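Notes follow the structure.
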Amino acid sequence: MKPKSNIIHLPVYQPGKSIEEVKREYGLQEIIKLASNENPFGCSSSVKAALMAEWEHTSLYPDGASVELAQALAEHLAVSPDQLIFGAGSDEVVLMIARAFLVAGDETVMAERTFPQYKHNAEIEGAVCVEVPLKDGVHDLDAMLAKVNDRTKIVWICNPNNPTGTYVSESDLRRFMEQIPDHVLVVLDEAYYEYVTAQDFPDSIQLLKQYKNVVILRTFSKIYGLASLRIGYGIGNKEIIHTINQVREPFNTTRYAQSAALAALQDQQFITLCQKKNAEGIAYLTKEFEKMGLNYFPTQGNFIMVHVHRPAELVFQHLLKQGIIVRSGHASSIGFPQSLRITVGSRGQNEKLVTALSKALEEIAVTV
Ligand SMILES: *Cc1c(COP(=O)(O)O)cnc(C)c1O
């Protein structure tokens with residue numbers, strides 16, 4: 001047997017340690033997981049009833065096109081239902097875009113460092129990934145534009161960017177869009193859109209009216225708190241959505257996911273509450289980081305990349321022993337060996353993180 005030559009080098013995805021694993025390994029009772037940008041407040045309480053009601057239909061295939069959810073979401077976003085495509089997480093929408101648009105030898109441009117799934121899926125299709133270093137933690141749109149040529153098919157912009165939390169402004173994005181050739185698809189991954197507070201963050205849905213070559217990705221995994229159910233979506237012009245639909249598996253999202261997403265969408269009060277708590281969490285954590293003499297990237301998401309001036313792996317391990325799981329920047333996919341990416345938790349979780357981090361920093365020497 002011979003797998004595709006372009007996948008031989010790909011690593012199998014290494015998730016962060018699970019809560020159960022850490023409990024077992026360190027003999028701890030309570031674990032705080034601030035590693036995967038999950039919602040510390042769970043999800044809307046109305047999701048439970050939706051899931052229970054769906055139980056009765058477990059033996060039936062889902063509606064492949066998610067018509068009911070598409071209708072409600074279209075109304076919420078002020079777009080038309082045929083401008084939406086759903087995936088098993090927005091991860092799957094990334095996969096479908098790569099599958100629909102990339103063939104061997106195509107080029108695709110992305111930031112270095114950003115969400116690893118763009119590169120992963122592009123490489124599976126045999127495309128050449130052109131990675132453009134971030135500038136002060138932010139996408140360098142001019143440098144990315146300079147890498148676009150006749151072979152370029154897709155440019156990926158993660159906004160706010162994971163892992164840095166930084167963002168590209170409306171004016172910078174518009175200037176970029178004015179110069180990007182029509183044959184290049186621009187993917188705006190807005191997984192953290194609902195957390196954004198910056199006034200000059202792009203109104204990306206407005207961009208769709210002017211540009212045919214844009215797809216926006218959003219998800220129910222983050223602020224909506226449905227990560228386990230795997231449902232995310234793409235928003236675009238209906239021609240592009242049709243193209244992506246052509247490669248979609250017939251039943252790619254489950255009944256449970258669709259029903260839960262619909263219930264979650266209808267509870268915007270919960271979303272407002274999470275936005276408020278996240279903003280308070282960012283204010284608290286950044287103030288505490290400053291007291292500890294740590295700098296960090298300003299964030300628009302529900303996570304903060306903080307620079308610990310020590311090998312991230314050591315600080316990560318120290319926190320782990322104290323029962324707190326964060327994401328170490330030393331992981332090859334993250335690429336910030338002296339930084340941690342920490343999800344903003346509940347007030348109590350944030351306080352415990354601060355106490356544990358101070359202790360870790362006291363015990364681990366600064367490296368220059
Ligand atoms: C979490 C995340 C996603 C995907 O989440 P799904 O659970 O697959 O919807 C996509 N992009 C970024 C930048 C993320 O951080």
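Note: hydrogens, waters and symmetry copies are ignored here, and every other heavy atom, side chains too, is used. When a ligand or atom number is given, it counts from 1 through the structure's own listing order. The structure presented is a predicted model; accordingly, all values stated were derived computationally and were not measured. Positions are given from 1, in the same order as the sequence printed here.
Ring geometry, Y118 versus W156: the interplanar angle falls under 30°, so the pair is classed parallel (tilted spans 30 to 60°).
Salt bridge K153/D106: present, at least one basic N to carboxylate O contact under 4.0 Å. Note on E178 versus R174: no salt bridge recorded, every NZ/NE/NH1/NH2 to OD/OE distance being 4.0 Å or above.
Side-chain rings of Y13 and H120 stay apart, their centers remaining 6.0 Å or farther from each other.
Within ligand 1, counting atoms from 1 as listed, the ones closer than 4.0 Å to a heavy atom of C158 are 13 (C). The contact set between ligand 1 and N162, taken as ligand atoms under 4.0 Å from a residue heavy atom, comprises 13 (C), 14 (C), 15 (O). With ligand atoms numbered from 1 in the order given, ligand 1 contributes 6 (P), 9 (O) to contacts under 4.0 Å with heavy atoms of T219.
Taking each heavy atom of S90 and T219 in turn, the nearest pair found is OG-CB, 3.7 Å. When all heavy atoms of A263 and S46 are compared, the pair lying nearest together is O-OG, 3.5 Å.
Of the polar atoms of D91, at least one N or O is found under 3.5 Å from an N or O of ligand 1, judged by distance alone. Here's the thing with R230: one of its N/O atoms is less than 3.5 angstrom from an N/O atom of ligand 1.
Ligand 1 does not have A227 within reach: every non-hydrogen atom of the residue lies 4.0 Å or more from it. For the pair Q117 and ligand 1, no heavy-atom separation below 4.0 Å is found.
At the shortest separation from atom 7 (O) of ligand 1 among protein heavy atoms lies S221 OG, 2.5 Å. Among all non-hydrogen protein atoms, the one lying nearest atom 11 (N) of ligand 1 is D189 OD2, 2.6 Å. Atom 2 (C) of ligand 1 has as its closest protein heavy atom K222 NZ, 2.4 Å. The protein heavy atom nearest to atom 15 (O) of ligand 1 is Y192 OH, 2.6 Å.
For the side chain to side chain donor-acceptor pair (under 3.5 Å) test with S66, the passing option among R255, Q71, Q258 is Q258; the others fail. Evaluated for a side chain to side chain donor-acceptor pair (under 3.5 Å) with Y167, the options D172, T299, D200 yield exactly one hit, D200.
Evaluated by nearest non-hydrogen atom to atom 4 (C) of ligand 1, the leading choice among G87, S90, G89, S228 is S90.
In the hydrophobic clustering of this structure, L314 groups with L357; members are Ile, Leu, Val, Met, Phe, Trp, Tyr whose side-chain heavy atoms approach within less than 4.5 Å, directly or through other members.
Contact annotation: for F220 versus ligand 1, there are no heavy atoms closer than 4.0 Å.
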